[in-house]
Amino acid sequence: MTEEIKNIFMEAQEGELDAVIMYNMLADAMESENKEIAENLRKIAKDEGKHVAIFKKLTKEAVVPDDAQAKYVCGLLPAIGAKTLFANMAKGEYDSIEKFKVLQDEYPELREIVEDEPKHGDALIKMSEIIG
């Protein structure tokens, strides 16, 4: 593994770990408003946790969780509303796929991530429509 690839994987591992925190915080925030959405957010958090484990296996290093992004995103919830927030988050899920698609032949472990991220984006779009 080149240093460049390792850096990409370390950054992704950190992003996935931050996403676990963010999705769980959002689930807590949405719990009283819509239990189904909260449950779906927790499912995405669980998948993101699996992605952290995949990147940790590849990099053989652990990253330290940081809740700053999660707090920022959760702070946006009352400001812009769940519909807009979830739609923007979906874009982030879709955008993350491309850089790993090109690496999945060399690193087959990435296939699970490449398959999960569009599902997360689709689920976020669906949640944004439910919240409407």
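We count residues from 1, following the sequence as given.
Side-chain atoms of Tyr94 come within 3.5 Å of backbone atoms of Asp122 as a donor-acceptor pair (strictly under, hydrogens ignored).
Note that CD1 of Ile44 and CD of Glu93 are 6.5 Å apart. Values are rounded to the nearest 0.5 Å. Atoms CG and NZ, on Asn24 and Lys46 in that order, are 11.5 Å from each other to the nearest 0.5 Å. Note that the OG1 atom of Thr59 and the NZ atom of Lys6 stand 6.5 Å from one another [nearest 0.5 Å]. Between atom CD1 of residue Ile8 and atom CD1 of residue Ile5 there is a gap of 4.5 Å, rounded to the nearest 0.5 Å. Note that CD1 of Ile113 and CD1 of Ile54 are 4.0 Å apart. Values are rounded to the nearest 0.5 Å. Here CD of Glu36 is found 8.5 Å from NZ of Lys126. Values are rounded to the nearest 0.5 Å.
No side-chain N or O of Tyr23 forms a donor-acceptor pair with one of Asp18 less than 3.5 Å apart.
Nearest heavy atoms, Ser128 versus Ala87: CB-N, 4.1 Å. Scanning all heavy atoms of the two residues, the minimum distance from Phe86 to Leu26 falls at CE2-CD1, 4.5 Å. The shortest heavy-atom contact between Met30 and Ala38 is C-CB, 4.3 Å.
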Donor-acceptor pairs under 3.5 Å, side chain of residues 98-110 to any protein atom, not counting sequence neighbours: which ones?
unit_1 : atom_1 : unit_2 : atom_2 : d
Asp105 : OD1    : Arg111 : NH2    : 3.3

Derivation and outcome, side chain to side chain contact (heavy atoms under 4.5 Å, CB included), residues Ile37 and Glu33: CA-CA 9 Å; Ile37 287 177; Glu33 188 174 337; over 6 Å; no
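No continuous path of hydrophobic side-chain contacts links Ile97 to Met89 [ILVMFWY only; heavy atoms under 4.5 Å]. Under a hydrophobic clustering in which Ile, Leu, Val, Met, Phe, Trp and Tyr are joined whenever their side-chain heavy atoms come within less than 4.5 Å, directly or via other members, Ile131 and Met22 fall into the same cluster.
By the side-chain contact (heavy atoms from CB on, under 4.5 Å) test, Asp67 is found to be paired with Ile21, Lys71, residues two or more places apart in sequence or in another chain being considered.
Of the charged side-chain nitrogens involved, none lies within less than 4.0 Å of a carboxylate oxygen, so that Lys50 and Glu16 do not count as a salt-bridged pair. With salt bridges taken as basic N to acidic carboxylate O contacts below 4.0 Å, one links Asp95 and Lys91. For the pair Glu31 and Arg42, the salt-bridge criterion is met [side-chain N within less than 4.0 Å of a carboxylate O].
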